[in-house]
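To start, the structure under review is shown below, and the notes come after it.
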Amino acid sequence: MRSVGTVLALVVLATMVATFARRWRIPAPSLLVVAGLGVALLPGTPQIEISPEIIGLVVLPPLLYASAEEMPWRELRAVWKPVGILSIGLVLASAAAVGAVAALVTPLSWQMAFVLGAILASTDPVAVTALGRRLALPPKVQVLVQAESLFNDATSLVLVRVAAGIAVASTAANWGAAGGEFLLLAGGGTLIGAAVAGVIALIRRRTEDPVLETVIALVTPYAAYLLAEAAHTSGVTSCVVAGVVLGGRGDRLTNARIRLQLHAVYGTVVFLLESVVFSLIGLALPAQVRALADGDGAWPLYALAVAGTLIAVRMLWLAPLSAVVQRKGGITRMNWRIPVVLTWAGTRGVMPLAAALSIPEVARNGTALAERPLVLVLTTSVVVVTLVVQGFTLAPVVHRAGIALEPAHTAREEAEARSHLAHAGLARLEELAELEVVPDVVLDRLRRGLAARLDDSRDRLAEQDSDSETAATESADLVYRQLRRDLITVETGELQRLYDGHAISDTTRRRLQRSLDLEETRLADV
């Protein structure tokens, strides 16, 4: 009962902190880590031990799936080459650099230093998505950071297994076998994730029950993750691939009412899980520090050295890569702002902590791994440093760099898209008027509504609709709702055409689609 009460108290605390973070417009992960650390330092706080199974099986799948669902296909296709380079090359370089620095400046043996480097080599998709959710980054930059964090985990996972095998079993590194294991993990995870997405798409096309749709959506990430793990491939990759595939086809799988319900349910689940898991990171650090040996008192300096190494290596990789990409795009003068932002956005989070906790406590010969506590402390402290330092300063860095999209730009793009949708609706109305099958009162009402949209006068539109409803008959009102739903279908098609034609961003498309879904649901409820 005490453990249940502790969990409930943690949920309440994390939810309150995350709510205040949203109200104060500061990164929720950063504030949650600080709050968790502060609570853990209070006298009488029970010691909380994080189970890697709980993180891997309960927390990670829905968070990874939600992050992948937000990945737009169009922007992903445009950045797949640099994402591939970063997901393999940068991970290997980061692991080697951190391993070398840790072996030089910490008491860790070179085997455990290599384990630490492998654990911290990849950026964390949960942290990156949570931190970048409120930043107005250009679409390609946002997708590059997010896609890198989603697809670099297979490389990091292989490195962790190789490094753990060296440290635990005292075996030599077999890089040929490691390459084969990488292909198995990444390739097998991709195939299983795509297969799960295909099956789920077939089921959802034939399902119109909102409750069943919600259950299917909640089960999907766990199915992809567990099936891949059971096949000894990458559950993370499988979950990500399933999310990307289904996210790109979500608008065609369900109706407006179900989409709104899924959005609300998944938003609640992601909010609760993110709130709890980031506060757990802060709560875990003091207990891990108390488990250290007496000779490891300089761990804060070790953590700063490792964190600095990760940032430096990331900048050294991103600067020339950005220069090549910009030169191919016809830009002769190097823009340093983009690599700086990309470097500062590369935070660590939940997945490195889960990987560190999965390290066995004893070696193959039965002796205890005395260096494991220091690896745990350095992993958690580096995660805390990146989430707090980079998390609190990422927004100022983005704005200082001058690459953030101005609110006026986003508002103008959305206004232009709304204008296109209204024109498409008016064109459809003219076709119906020529057929003379719709009452004039209904046509006039629809024209006034669309004209009000063009003039951006929503309040006047509501007043005009109210006046029309008083004078219209029930039959005309029924025809109005039917025709308005028909116009919403036309506007949805126009919205997809604008997105496919690169006239609007994925963010604008999602926002306007949600607006159309809300209106269609209201029409059905009348």
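All residue numbers refer to positions in the sequence shown, counting from 1.
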Is it the case that the side chains of [Y] and [X] hold a donor-acceptor pair, with the cut-off being a distance below 3.5 Å and no angle test?
| X | Y | answer |
| --- | --- | --- |
| W344 | T393 | yes |
| N152 | T123 | yes |
| S67 | Q146 | no |

I'd like to check the side-chain contact (heavy atoms from CB on, under 4.5 Å) partners of [X]; sequence neighbours left out, ordered by chain and number.
| X | result |
| --- | --- |
| A354 | I55 |
| R206 | L202 |
| V199 | I203 |
| P373 | L292 |

Under the rule for side chain to side chain donor-acceptor pair (under 3.5 Å), what residues qualify as partners of [X], not counting sequence neighbours?
| X | result |
| --- | --- |
| T380 | Q288 |
| R497 | E494 |
| T15 | none |
| S30 | none |

Contacts under 3.5 angstrom, residues 87-96 side chains, donor-acceptor by atom type, not counting sequence neighbours:
unit_1	atom_1	unit_2	atom_2	d
S87	OG	V83	O	2.7
S94	OG	L90	O	2.8

Using atom types as modelled, flag every donor-acceptor pair under 3.5 Å from a side chain in residues 261-269 to any protein atom, sequence neighbours excluded.
unit_1	atom_1	unit_2	atom_2	d
Q261	NE2	P210	O	3.2
Q261	NE2	T214	OG1	2.7
Y266	OH	A217	O	3.2
T268	OG1	A264	O	2.9

Can you list, pair by pair, the side-chain donor-acceptor contacts under 3.5 Å of residues 218-228, counting residues two or more places apart and other chains?
unit_1	atom_1	unit_2	atom_2	d
T220	OG1	I216	O	2.6
Y222	OH	V58	O	2.8
Y225	OH	G56	O	3.4

Response to the item:
Heavy-atom nearest pair, P352 first then V383, reads CB-CG2, 4.4 Å
Worksheet entry | Heavy-atom pair of closest approach, residues T233 and G188 | CG2-CA, 3.7 Å
Item to complete: Output yes when a side-chain donor or acceptor of R337 lies under 3.5 Å from a complementary backbone atom of A401, and no otherwise.
Response: yes
Practice prompt. State plainly whether the residues R259 and D517 are in salt-bridge range, i.e. N to O under 4.0 Å.
Written response: yes
Fill in: salt bridge (Lys or Arg N to Asp or Glu O under 4.0 Å) contacts touching residues 306-316 (sequence neighbours left out)
E148-R314
